[in-house]
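These notes concern the structure reproduced below.
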Amino acid sequence: MNESEHKSLDFIRQRVSDDVANGKNDGRVHTRFPPEPNGYLHIGHAKSICLNFGLAEEFGGKCNLRFDDTNPDKEDTEFVDSIREDIRWLGFEWDAEYFASDYFEKLYQWAIELIKRGNAYVCDQSVEEVREYRGGWDKPGKNSPHRDRTVEENLDLFSRMRKGEFKDGEKTLRAKIDMNSDNMNLRDPAMYRIRHATHHRTGDQWCIYPNYDWAHGQSDSIESITHSVCTLEFEQHRPLYDWYIGQLEVHHPQQIEFAKLVISNTMMSKRKLTELVAGGFVEGWDDPRMPTISGFRRRGFTPESIHSFAKRVGITKHNSTTDIALMNLCIREHLNRIASRVTGVLDPLKVVIENYPEGEFEMRVTGVNPEDETAGTREVPFGRELYIERSDFMEEAPKKFFRLTVGGEVRLRNAFFLKCNEVIKDDCGEIVELRCTYDPETSGGKAPDGRKVKGTIHWVSAAHAIDAEVRLYDVMFENEDPSDVPEGKDWKDLINPNALVVIQNAKVEPLLADASSGDSFQFVRNGYFCVDSKDSQPGKLVFNRTVTLKDAWSKQQKKGGSPN
RNA sequence: UGCCCGAUGGUGUAAUGGUAACACAUCUGGUUUUGGUCCAGACAUCCUAGGUUCGAAUCCUAGUCGGGUAACCA
């Protein structure tokens, strides 16, 4: 890292920078990203990934991927695979991949060392007894009656725990620290519990499993990690982290905590996300409504947009809630630069141009992306019958409505001026067709006589348009803080019923027939859409709305109440 | 009830004792064949009270508010 290249560093980078400058760890920087493979990664993990891998990149160091798989009950290889995929998709490659379970034997040996030093003991207390003996934050704890077992007895018991001579919960190995500590984590924490379960990697090889605190720091140490970055809730665990490593007298990484990401209108709790998936509230972990990395991917977010988001959110030690609008900004900003403009009419209304010859068509040439000249041009067919957006027509329009009205004139984007003469309705009074005329003199989008139009609307040739299914996504929760559940309600009651609105009969321009999975487009005046990676097929296109365009008109409408 | 951590505009961050910066959001106005983009402008005396200092958002003290924390989860 070239010092002073950055105007300001967040407190972690500052600290790492200082350590490097002071020659700590021989100036080495080695971080790790340590997910538990018990679910899919979400945007909060992305923040941590960007931090850990970013630190390694910026300081010429390394970053490991380590699966923190010490709880056989919850973990699965499905999650291991998805985690790898998501990190790579974000554009990072780890220097080494490990599993905490790689260290089970080493950890076991170290535990024996602690027993021999008289710093750990086998305890027979039940969960309830342990809780009772631990005391409270106003009450001192009491020593376990098994705290003073001899080293020999502990060694024997511990090896028999490993051999499977005891049932689940019958015994634990505990660190002998201080039952009166102000820090509850230091009141003789459990190091091992007995769990006769099949582990996704070690199978039935073990029936005792190390707890987080006993596994994490030691794993860091084994991997020569220099800076062990984690979230704030582990702050009180740091003394224990330091205690274990201090006892073992091995390489001592520095744990540093930062505030985890909270986004408005979003639920980030892994437990609750799991519940959404298991309960069928969403299609799966990669449902575009989910704040998972795979959900964002399927929704049409780009890795770049997520990097940009992570950067803007910053790293601090205080909890805050980031407005979901920032997320939207980041993806719009990127897609605006790279997405091809196409026409998609979401709610089609038939327009017949009475003065355009029947059966004739012409090709209109138009730019692919005004933000990128190199993107070239494309051709779209124009003819007598078109579809326009239903919301672009109003029979009785307010003054501020710049779109099509009876007797009014608008510009058809990249084509001609169009005037509406007559509205055709069905028996229910529903508008089914507009009879219009166009002005052939306005081919360039301007009138030779200099008359102006206020609005430009998009359209697609009825004869050429392709049918598509379009899935409109919105925030999963309408409440800014979905963890704030009103009395008598369940958090799931707060799910936004309109988080997904499916449109079956959208009409898109013919060019889109060749669109392939994951491709992103701007549907002009509508938003950014991508081809759904799971359900879209040639001949049966499915688009996901990634994000809308900013919409000053609808905002104004909402503000002013009903139009008119 | 203990212990730990935090506090800058509506929101997220910056200023590393020298006189509040950037972005989002919001509102104005301009450009525009996307009511998009782009451009211009508006919007805070830094939780409170004391103190240290020539000078404090930054240091100290007290208070207030917020968060975390007592799993054989991570």
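Residue numbering restarts at 1 for every chain, and letters A, B, ... go by the order of the sequence lines. The shown structure was predicted, so the numbers you read here are calculated from the model rather than taken from an experiment.
- With B:G12, B:U34, B:A74 as the candidates, the nucleotide lying closest to the side chain of A:Arg341 is B:U34.
- Within the 4.0 angstrom heavy-atom criterion, no nucleotide atom of any strand lies near A:Phe309.
- A search for side-chain contact (heavy atoms from CB on, under 4.5 Å) contacts involving A:Arg341 returns A:Asn336, A:Asn369, A:Pro370, A:Glu371, A:Arg378, A:Gln522, A:Val524, A:Tyr528, not counting sequence neighbours.
- Residue side chain A:Tyr212 fails the stacking definition with respect to B:A74, as its ring centre and the base's six-membered ring centre are not both under 5.5 angstrom apart and under 30 degrees in plane angle.
- Contact annotation: A:Thr456 does not reach the phosphate of B:U32 (side-chain N/O to OP1 or OP2, under 4.0 Å).
- A:Lys400 comes within 4.0 angstrom of a nucleotide base, judged by non-hydrogen atoms across all strands.
- With B:G68, B:C5, B:A14 as the choices, the nucleotide that has an atom nearest any side-chain atom of A:Glu235 turns out to be B:C5.
- Which of B:C24, B:C5, B:U1 sits closest to the side chain of A:Leu326 comes down to B:C24.
- Using bins of under 30°, 30° to 60° and over 60° for the plane-to-plane angle, the ring pair A:Phe104/A:His199 lands in the perpendicular bin.
- One cannot find a donor-acceptor pair under 3.5 Å joining the base of B:U69 and the side-chain atoms of A:Glu233.
- In this structure, A:Arg162 forms a cation-pi arrangement with A:Trp206, its terminal cationic atom sitting closer than 6.0 Å to the ring centre and no more than 45° off the ring axis.
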### Task
Verify side-chain contact (heavy atoms from CB on, under 4.5 Å) between A:Phe523 and A:Thr343, making sure each step is shown before the conclusion.
CA-CA 5 Å; A:Phe523 285 11; A:Thr343 307; over 6 Å; no

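- In this entry the distance linking CZ of A:Arg174 with C1' of B:A71 reads 13 Å, nearest Å.
- Comparing B:U34, B:C4, B:A74 by their nearest atom to the side chain of A:Arg413 picks out B:U34.
- In summary, A:Lys74 and A:Glu36 do not engage in a salt bridge, as defined by a charged side-chain N under 4.0 Å from a carboxylate O.
- You'll find that the side chain of A:Pro370 is closest to B:U34, out of B:U34, B:C72, B:C73.
- Side-chain nitrogen and oxygen atoms of A:Arg134 include at least one within less than 4.0 Å of the OP1 or OP2 phosphate oxygen of B:A71.
- Pairing of B:U61, defined by two Watson-Crick or G-U wobble distances under 3.5 Å, is identified with B:A49.
- Taking atom CZ of residue A:Arg187 and atom P of nucleotide B:A71, one finds them 11 Å apart after rounding to whole Å.
- The interatomic distance linking A:Asp138 (CG) with B:U1 (C1') rounds to 5 Å, in whole Å.
- Applying the 4.0 Å criterion to OP1 and OP2 of B:G12, one finds that A:Thr321 has every side-chain N and O outside that range.
- Residue contacts for A:Leu329: at a heavy-atom cut-off of 4.0 Å it reaches the sugar-phosphate backbone alone, with no base atom in range.
- In this entry the distance linking CG of A:Asp73 with C1' of B:A71 reads 13 Å, nearest Å.
- If you check B:A25, B:A74, B:A70 against the side chain of A:Ala325, the one that comes closest is B:A25.
- Side-chain atoms of A:Glu371 and base atoms of B:G36 include a donor and an acceptor less than 3.5 Å apart.
- Between the C1' atom of B:G2 and the CD atom of A:Gln236 lies a distance of 13 Å, rounded to the nearest Å.
- Taking the P atom of each, B:U8 and B:C46 are spaced 12 Å apart, rounded to whole Å.
- For B:U37, its base never sits under 3.5 Å from the side chain of A:Arg332 at any donor and acceptor pair.
- Distances shown here put a side-chain N or O of A:Thr316 below 4.0 Å from the OP1 or OP2 atom of B:U13.
- Residue A:Arg312 places its side chain closer to B:C24 than to any other of B:C4, B:C73, B:C24.
- Of the side-chain N and O atoms in A:His318, one or more sit less than 4.0 angstrom from OP1 or OP2 of B:U13.
- If you take CG of A:Leu549 and C1' of B:U37, they are 9 Å apart, rounded to a whole angstrom.
- A:Val313 comes within contact range of the sugar-phosphate backbone alone, with a heavy-atom separation under 4.0 Å but no base atom that close.
- Between A:Lys555 and the phosphate of B:A25, there is no side-chain N or O to OP1/OP2 separation shorter than 4.0 Å.
- Residue A:Lys550 places at least one side-chain N or O under 4.0 Å from the OP1 or OP2 atom of B:U37.
- Here A:Arg66 does not pair with A:Asp102 in a salt bridge; the nearest charged N to carboxylate O distance is not below 4.0 Å.
- Distance, A:Phe523 CZ to B:U34 P: 19 Å, rounded to whole Å.
- The side chain of A:Lys74 lies closest to B:C73 when the candidates are B:C73, B:A74, B:G12.
- Both tests pass for A:Arg364 against the ring of A:Phe416: distance under 6.0 Å to the centre and angle within 45° of the axis.
- Side-chain atoms of A:Asn211 lie closest to B:A74 of the nucleotides B:A74, B:G36, B:U34.
- The interatomic distance linking A:His199 (NE2) with B:A74 (C1') rounds to 13 Å, in whole Å.
- The shortest side-chain heavy-atom distance between A:Val380 and A:Leu511 does not fall under the 4.5 Å cut-off.
- OP1 or OP2 of B:A74 sits under 4.0 Å from a side-chain N or O of A:Arg193.
- Of the candidates B:U16, B:C72, B:U37, B:U16 carries the atom nearest the A:Gln14 side chain, counting heavy atoms from C-beta on.
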